[in-house]
2 protein chains.
Amino acid sequence: MLIELDFQSDIPIYMQLVHAIIEGIATGELKPGDKLPPVRTLAADLGVNMLTVNKAYQHLKQLGFIQIHRKKGAVINSEEIRKADDKFYKRLFASLRPLAMESVCRHLTKSQFLTLCSEIFEEIELKGGKC
Amino acid sequence: MLIELDFQSDIPIYMQLVHAIIEGIATGELKPGDKLPPVRTLAADLGVNMLTVNKAYQHLKQLGFIQIHRKKGAVINSEEIRKADDKFYKRLFASLRPLAMESVCRHLTKSQFLTLCSEIFEEIELKGGKC
DNA sequence: TTATTTGTTATACTATATGTATAACAATAA
DNA sequence: TTATTGTTATACATATAGTATAACAAATAA
């Protein structure tokens, strides 16, 4: 799995890592039971500190996407465990709201906004994700 | 215009302010030419520091939503100035992507995601916004 | 011209977040 | 037992967020 980091981005490195791995799960590249690389290995590969990778893994664990065992390492969770719950809906809604608001201010129609969203989902389908 | 802040939120206060004002513009509550309160006044009303409000105004100016004059204060820009440009599309896309990815991981279908977005736009329309 | 309003800037301080660098600790599978 | 792996601790640097005060600067209105 190829992970590209943008060290100039205002998005923290550990968050970019979280996003990359979630994208891997969404597209089916990472399947339940798959192992993530050891923190030391991934840190070396990406040229970042071990603790940065560890922070990303902890975050993914918190979100329910992986389980972490000593020695076994980080493993992708089963699909059941990561189902959308009320907490997620609230977070999703709270994230989408300001984006929609600014879009309306900038004269994007509802239709244009939905089309943009559709494009993202089509990209996921193209890579093998089911949605 | 009523602005409610959540001091416990992980979203910075100045950013919550930015969102609130953008929402006001989206719904039509704030129209081109309308004045925002002086930084001191708004800061006092909200119980935050003057510089926090100033930061929000600077951010809104940067985004093209307001103009700031000495003495006259902050004024909502004309609709033309805040049209969506390539920079905004990129930002919007970059923000939507991880949300869509995580949604797919949590078994939201494309259709469910689009419905959720639609609800937000309907809320905007209900409040008088055009989209 | 003068006074007032308003945004702007400067300084200082606190707390938190992000990231690096090292090193040691602890569990567990082989 | 040993090697691997996650975990934790320290220390450090930098940036962000927010508060508190105060002074500066422009522009409008009297």
Side-chain angles (χ1 to χ4, degrees), chain A residues 1 3-21 30 33-77 91 94-95 98, chain B residues 1 3-21 30 33-77 91 94-95 98:
Chain A
M1 183 183 181
I3 295 177
E4 286 184 54
L5 298 178
D6 177 3
F7 293 95
Q8 309 310 317
S9 170
D10 54 336
I11 299 171
I13 298 173
Y14 82 93
M15 215 52 189
Q16 292 183 45
L17 246 173
V18 167
H19 288 161
I21 291 165
L30 292 173
D34 282 358
K35 282 184 191 173
L36 296 180
V39 287
R40 287 172 177 80
T41 309
L42 188 51
D45 285 354
L46 297 173
V48 300
N49 192 274
M50 186 180 58
L51 296 185
T52 303
V53 177
N54 188 256
K55 196 170 183 178
Y57 282 11
Q58 290 298 331
H59 206 85
L60 286 164
K61 177 185 168 189
Q62 177 67 28
L63 291 173
F65 287 115
I66 63 173
Q67 276 184 10
I68 306 179
H69 312 272
R70 301 205 168 206
K71 185 67 181 175
K72 267 201 268 181
V75 182
I76 307 293
N77 256 338
R91 182 157 57 82
S95 302
Chain B
M1 182 182 182
I3 295 178
E4 286 184 54
L5 298 179
D6 177 3
F7 293 94
Q8 310 309 317
S9 170
D10 54 337
I11 299 169
I13 297 173
Y14 83 94
M15 214 53 190
Q16 291 183 46
L17 247 174
V18 167
H19 287 161
I21 290 165
L30 293 172
D34 282 359
K35 281 184 193 172
L36 296 181
V39 288
R40 287 171 178 79
T41 310
L42 188 52
D45 285 354
L46 298 174
V48 300
N49 193 275
M50 187 181 57
L51 296 186
T52 303
V53 177
N54 187 258
K55 197 170 183 178
Y57 283 12
Q58 290 299 332
H59 205 86
L60 287 164
K61 177 184 168 191
Q62 178 67 27
L63 291 172
F65 288 115
I66 63 173
Q67 275 184 12
I68 306 179
H69 312 271
R70 305 206 164 203
K71 185 70 182 176
K72 268 201 265 182
V75 182
I76 307 293
N77 256 338
R91 182 156 57 83
S95 302

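Values below: every heavy atom of this structure, side chains too, minus hydrogens, waters and symmetry copies. Since the model is a prediction, treat every value here as computed from it, not as a measurement.
Between the CG atom of B/D10 and the CE atom of B/M15 there is a distance of 12.5 Å, given to the nearest 0.5 Å. A distance of 5.0 Å separates CD1 of B/I66 from CG of B/L60, quoted to the nearest 0.5 Å. The distance from atom CE of B/M1 to atom CD1 of B/I21, rounded to the nearest 0.5 Å, is 6.5 Å.
The shortest distance between side-chain heavy atoms of A/I11 and A/D6 does not fall below 4.5 Å. Within the 4.5 Å cutoff, side-chain heavy atoms of A/L17 are placed close to those of A/L42. Between B/K61 and B/Q58 there is a side-chain heavy-atom pair separated by less than 4.5 Å. Counting heavy atoms from C-beta on, the side chains of A/F7 and A/V48 come closer than 4.5 Å. When side chains are defined from C-beta on, B/V53 does not count as touching B/R40, because their heavy atoms never get closer than 4.5 Å.
For DNA chain D, the residues of residues 55-73 of chain B within the heavy-atom distance limit of 4.0 Å (strictly under) are B/K55, B/R70, B/K71, sorted by number. Remark: nothing in residues 5-21 of chain B comes within less than 4.0 Å of DNA chain C through any heavy atom.
Mapping B/L36 and A/T52 onto DNA chain C by nearest heavy atom places B/L36 closer to the 5' end of the strand. Nearest-nucleotide positions on DNA chain C place B/A74 closer to the 5' end than the other of B/A74 and A/N49.
First and last contacts of DNA chain D with chain A, using any nucleotide atom under 4.0 Å from a protein heavy atom and ordered 5' to 3', fall at D/dA3 to D/dA9.
Of all the heavy atoms in A/R91 and A/L63, the pair that sits closest is NH2-CD2, 3.6 Å. Across every non-hydrogen atom of A/A56 and A/V18, the tightest pair is O-CG2, 3.7 Å.
Remark: B/R70 pairs with no residue by the side-chain hydrogen bond (donor to acceptor under 3.5 Å, both in side chains) rule, at least two apart or across chains. For B/Q67, the side-chain hydrogen bond (donor to acceptor under 3.5 Å, both in side chains) partners two or more places apart in sequence, or in a different chain, are B/N77.
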Please list each protein N or O that sits under 3.5 Å from an N or O in nucleotides 14-16 of chain C, with the distance.
none

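Looking at A/I68, A/N54, A/N49 one by one, the single match for side chain to side chain contact (heavy atoms under 4.5 Å, CB included) with A/V39 turns out to be A/N54.
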